[in-house]
**Q** 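Below is the structure I would like to discuss, written out as structure tokens.
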Amino acid sequence: MKKLQSNLKYLGLFITIFLFSILFAVGSVMYDGFFSLQVLLNLLIDNAFLIITSIGMTFVLITGGIDLSVGAVVALTCMLSAHLLEKVHMSPFLVIPLMLIMGSLFGFVMGYLIQSFKMQPFIVTLAGMFMARGLCYVISIDTITISDPLYQAISQFRIPLPFDSFISIGVVIALVTLLAALYLANYTKFGRTVYAIGGSEQSALLMGLPVARTKILVYTLSGFCSGLTGIVFSFYMLSGYGLHCIGLEMDAIAAAVIGGTPLTGGIGFMTGTLFGVLIQGVIQTLIMFQGTLSSWWTRIAVAFLLCVFIILQRVILSKKESRKVLTNTAAKAS
Amino acid sequence: MNKTNPILKMRNITKTFPGVKALSGVNFQLYAGEIHALMGENGAGKSTLIKVLTGVEKLNSGEIFLEDQAILARTPSHAQELGISTVYQEVNLCTNLSVAENIFIGREPMKPGRIDWNTMEKRAEELLGRLNIRIDVTKTLDNYSVAIQQMVAIARALDVSAKVLILDEPTASLDASEVEKLFTVMRQLKQEGLGIIFVTHFLEQVYEVCDRITVLRNGALVGEYITADLPRVQLVAKMIGKDLAELSSCSKLDAADDAGSKEVYIAAHNMQKQGTIYPFDLDINKGEVLGLAGLLGSGRTEVARIIFGIDKPDDGEMLIQGQKKKVAEPIEAMKAGMAFCPENRKSEGIIANLTIRENIILALQAKMGWSKYISRKKQQEFAEKYIKILSISTPSSEQLVKNLSGGNQQKVILGRWLLTNPELLILDEPTRGIDVGTKAEIQKLILELASDGMAVMFISSELDEMLRCCSRMAVMRDKKKIAELAGNEVQESIVMQTIAGVH
């Protein structure tokens, strides 16, 4: 790719991928059985749902917004699909599209409020989060186990791969989502407008881009991803519960930031987000293999990483600024 | 090209904002294949005219014709579709996107189902090549200087097949060689038959590239001139204008003519800041009104900001009453006895959501330190005292400042600084956007303060009020102090010639 050449902004992305490789290599050297395709694939299997929701989040972050509702919408999707499947006995072929529509609609309403009333995304999606979380408990305060045969089958289904390894349906959905996101972000007018809005909303308006429509669509997209995440998560957990995915939105934001998407908007990488999720996953796996540390050390490691990456982004940015000043004065001197 | 029929005609354009008539019955016409300067001081209505033309603001009445078709742009993008493109002073592009994308976003060349990046980059290179710019179009825009960014903006404007190109102060942040490059491009586009409206404050540039000049003042058309037939002095005269008749007479005080007490309050030596102001020496005496004359962008405000410690000078020193003193921050300037009413009343002066009392008390409180308590009763007394002295028209001192008129807001800021009992009062455009009566009041007050022994530094775009108030004048041009006028030299023709650079 010609575009990748010598652009400082890709540095964050490369560092993320590099760091993931290092962490994986460290694990392979330190622990027997770590270096296998299946350990790598398990990272995908265990984090498929997080990948999907993080991709939705990345779009929102690129516009300079934020979506705090995703965790709650995922929980609501799980809860509602469990309820519809188990209590209403609705067909799963009806439930799945219904859930996608609900997620999208949820995002659309939030996007509409944010755009039309010029409200802060933070506060609107916070309200959305409370709303979705509250609705979960209206449906039931207990766990509803999903015993639907199709869900059971999908949950257990293993797609065999060479070297005795396998992936789940969730992984396939996550990877398809990633491909779709890459296409959307880099090869469509919608995607480029998203970047333009993040660069400067004012400029985007003056360049005649459909800013309002795109912003609403971005939250709709994030809502859709949450709905899809909810479906994948219910394949994974086979239950609906009001406490599912608490704090998922924060994991998603962390994944995006580690993947090179700053909260200031305008820059963001779908591939980076994938590796942002995988880094969190590999740290978790490392701690599991280590055996004695509490799993909460994952959080501490992620906290540390976030700090490092935010500082790194700052440094890259200021490097760029100073370089620009240099070229300017050089031009003046000549 | 076709010189008989203008490509763009604006007839009787009127636009009012609440309380202000920004444009009244302005006519403007532009021919294809000419560069037309739109000139006027601050508040003359240049930007409003541009905004009305490009659909940013709705006009109240009037007609616009593009190639004899009546048009009315609803939004900037609608104006673009009609063939009117604008390149603004602050480049309105997305610096996080590539150069090619900035030119084509919204109109990207497509292959079935996806953006055709290769074609886009090739066409961007061609388009920039037309402007003699050869750069890597795949790099993000923030890799390039403002000058290049401006060229990219022009390339974008050209690609929408513009008939009219508006350049709104494009040279403000460019250096000499970059300006030259821009002019080459402008001349080339003119050859190609484009009509270019060029908004600028720099006289030299107008005489270098423009064919005709339209001058606006106070929202009204002064006239349309052929550049070659209009001497600089006359252009300056037309921009600055004469409003003598409107203002109540308040003659210069005799005391001021004697050049005051001649006790130097502040002496600045060789103060400078790279890219902002060239080295200058300036003495300000007690009991005199020193004017800083010059056009907008000539460095008037910059001098004031450096003296008050808002901008840090690279070099030079300042003596306050004979003592060498470093003023690194406004609070130090305040403690040294200075006060500064900034140019931009709304964003740098008033705190709109506080009451008159709270606004007036602000500078004194800052000067005393935030831990010192000023009793409510005391605050009330201060506020009422200045409401009375300055005759601020308000029902009470508890009125929110945002509810006052511009003139009264200005008086509140004046009151705020007078309360600190300053020895030097710096006033940057204190009468801008204020009705005639209040203007006269403020001018009278300035003279009274000076005769009481205060040193006053006065900046204004209106030459008349400068002439009326100032006993001495420093003239600025192109970020340089070029002359100091005193006594008999402080008269209209001399000042104007000095500003225009003709001797």
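Excluded from the calculations below are hydrogen atoms, water molecules and symmetry mates; all remaining heavy atoms, backbone and side chain alike, are included.
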**Q** Tell me, side chain or backbone of B:Asn102 under 4.5 Å from chain A's heavy atoms, or both, or neither?
**A**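 Both backbone and side chain of B:Asn102 come within 4.5 Å of chain A.
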**Q** Tell me every residue that passes salt bridge (charged side-chain N to carboxylate O under 4.0 Å, His left out) with B:Arg114, counting only those two or more places apart in sequence or in another chain.
**A**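 Scan of B:Arg114 (salt bridge (charged side-chain N to carboxylate O under 4.0 Å, His left out), adjacent residues dropped) gives none.
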**Q** Side chain, backbone, both or neither: which part of A:Leu206 has a heavy atom under 4.5 Å from chain B?
**A**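 For A:Leu206, the contact with chain B is made by backbone and side chain together.
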**Q** Is B:Glu81 in contact with chain A via its backbone, its side chain, both, or neither, using a 4.5 Å heavy-atom distance?
**A**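 No part of B:Glu81 comes within 4.5 Å of chain A.
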**Q** For A:Asp251, what residues pass the salt bridge (charged side-chain N to carboxylate O under 4.0 Å, His left out) criterion, not counting sequence neighbours?
**A**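 For A:Asp251, the residues satisfying salt bridge (charged side-chain N to carboxylate O under 4.0 Å, His left out) (neighbours in sequence not counted) are A:Arg299.
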**Q** Do side-chain atoms of B:Glu108 reach the backbone of B:Gly106 as a donor and acceptor pair under 3.5 angstrom?
**A**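 It does hold such a pair.
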**Q** Heavy-atom count around A:Phe190 CZ within 6.0 Å, excluding the residue itself: above 12?
**A**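 For A:Phe190, atom CZ is crowded (more than 12 foreign heavy atoms under 6.0 Å).
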